Amino acid sequence: MTDYVPMTRDAYNKKRAEIARLENEEMAQIAEKIATARAEGDLSENAEYHAQREAQGMLQAKINKMKSDLANASIVDPSKIPSDEIAFGATVVVKDLDLDDEEEFTLVGAGDEDYDAGRFLITSPIGQGLLGKKVGEVAEIAVPRGTLRYEVKSISYQG
């Protein structure tokens, strides 16, 4: 059974545009490079030919993964999400009860994550641990290095 991939309409459209760009521009460039390398003669000892064939395969795998994400996409309408609890698309300020500092996370769908920028997958342990919590509640989240304890300070949604 495949899992659905939550994403906003905007993220869905961006991913579709990226697939079109990869297919129409980058794949065409690789095809040209393969044709040029093929014209150089003996393919068994042609490193450029083999490198471009490998690049083509890797690009196709990336395109296939993105298409799979779109096929399993569940478009989330931010206006339908209750604003008083943590759900997909929420930007959350939490207080780490063990380190006594505040952190900000935004819960996003696959392809939009950027952990360095605080954009966490909704399906990650932190995303799942915060899901459904309200301001003032404490989330205890099991992670490989122990248990994180976060008190929810604020919840907001970007329109």
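These numbers come from the heavy atoms of this one structure, side chains and all, not from hydrogens, waters or symmetry mates. Note that the coordinates shown come from a computational prediction; the quantities given were computed from them, not determined experimentally. Positions are given from 1, in the same order as the sequence printed here.
Put simply, CG on Leu107 and CD on Gln128 are 9.5 Å apart, with the number rounded to the nearest 0.5 Å. Between the CG atom of Asp101 and the CG atom of Asp96 there is a distance of 5.5 Å, given to the nearest 0.5 Å. In this structure, OH in Tyr157 is found 11.0 Å from OG1 in Thr106, a value given to the nearest 0.5 Å. If you take CD1 on Ile63 and OG on Ser68, they are separated by 13.5 Å, rounding to the nearest 0.5 Å. Rounding to the nearest 0.5 Å gives a distance of 5.0 Å between CG of Leu70 and OH of Tyr12. The structure places OG of Ser124 at 9.5 Å from CD of Glu113, a figure rounded to the nearest 0.5 Å.
Leu99 belongs to no hydrophobic cluster, as no Ile, Leu, Val, Met, Phe, Trp or Tyr side chain comes under 4.5 Å of its own.
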For this session: Check the pair Glu102, Val94 against side-chain contact (heavy atoms from CB on, under 4.5 Å), reporting the backbone distance first and the verdict last.
Result: CA-CA 6 Å; Glu102 288 192 355; Val94 296; over 6 Å; no
Exercise. Given the rule in the side-chain contact (heavy atoms from CB on, under 4.5 Å) test, do Val108 and Phe120 qualify, once you have shown the distances and angles that lead to the verdict?
Worked result: CA-CA 6 Å; Val108 299; Phe120 282 60; 6.0 Å; no
For this session: Apply side-chain contact (heavy atoms from CB on, under 4.5 Å) to Asp84 and Ile155, showing your working.
Result: CA-CA 7 Å; Asp84 66 333; Ile155 303 167; over 6 Å; no
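Following chains of ILVMFWY side-chain contacts shorter than 4.5 Å, one can reach Tyr115 starting from Phe105, so the two form part of one hydrophobic cluster.
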Kindly list each side-chain donor-acceptor pair under 3.5 angstrom involving residues 129-151, sequence neighbours excluded, with atom names and distances?
from: Glu137; atom 1: OE1; to: Lys134; atom 2: N; distance (Å): 3.0
from: Arg149; atom 1: NE; to: Asp98; atom 2: OD1; distance (Å): 3.3

Using residues 14-31 as the side-chain source, report each donor-acceptor pair under 3.5 Å to any protein atom, sequence neighbours left out, with the distance given to one decimal.
from: Lys15; atom 1: NZ; to: Asp69; atom 2: OD2; distance (Å): 3.3
from: Glu18; atom 1: OE1; to: Arg21; atom 2: NE; distance (Å): 3.2
from: Glu18; atom 1: OE2; to: Arg21; atom 2: NH2; distance (Å): 2.9
from: Arg21; atom 1: NH1; to: Glu26; atom 2: OE2; distance (Å): 2.8
from: Arg21; atom 1: NH2; to: Glu26; atom 2: OE2; distance (Å): 3.0
from: Glu23; atom 1: OE2; to: Lys67; atom 2: NZ; distance (Å): 2.7
from: Asn24; atom 1: ND2; to: Ala20; atom 2: O; distance (Å): 3.0

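Annotation: salt bridge (Lys or Arg N to Asp or Glu O under 4.0 Å) contacts involving residues 115-127, sequence neighbours excluded, are absent.
For the residue pair Thr91 and Ser156, no side-chain donor N or O sits within less than 3.5 Å of a side-chain acceptor on the partner.
Side chain of Asn46 to backbone of Ala37: a donor-acceptor contact under 3.5 angstrom is found.
Evaluation of the ring-ring contact (aromatic ring centres under 6.0 Å, His included) rule for Phe88 yields no partner, not counting sequence neighbours. Judged as a side chain to side chain donor-acceptor pair (under 3.5 Å), and not counting sequence neighbours, the contacts of Glu48 are Gln52.
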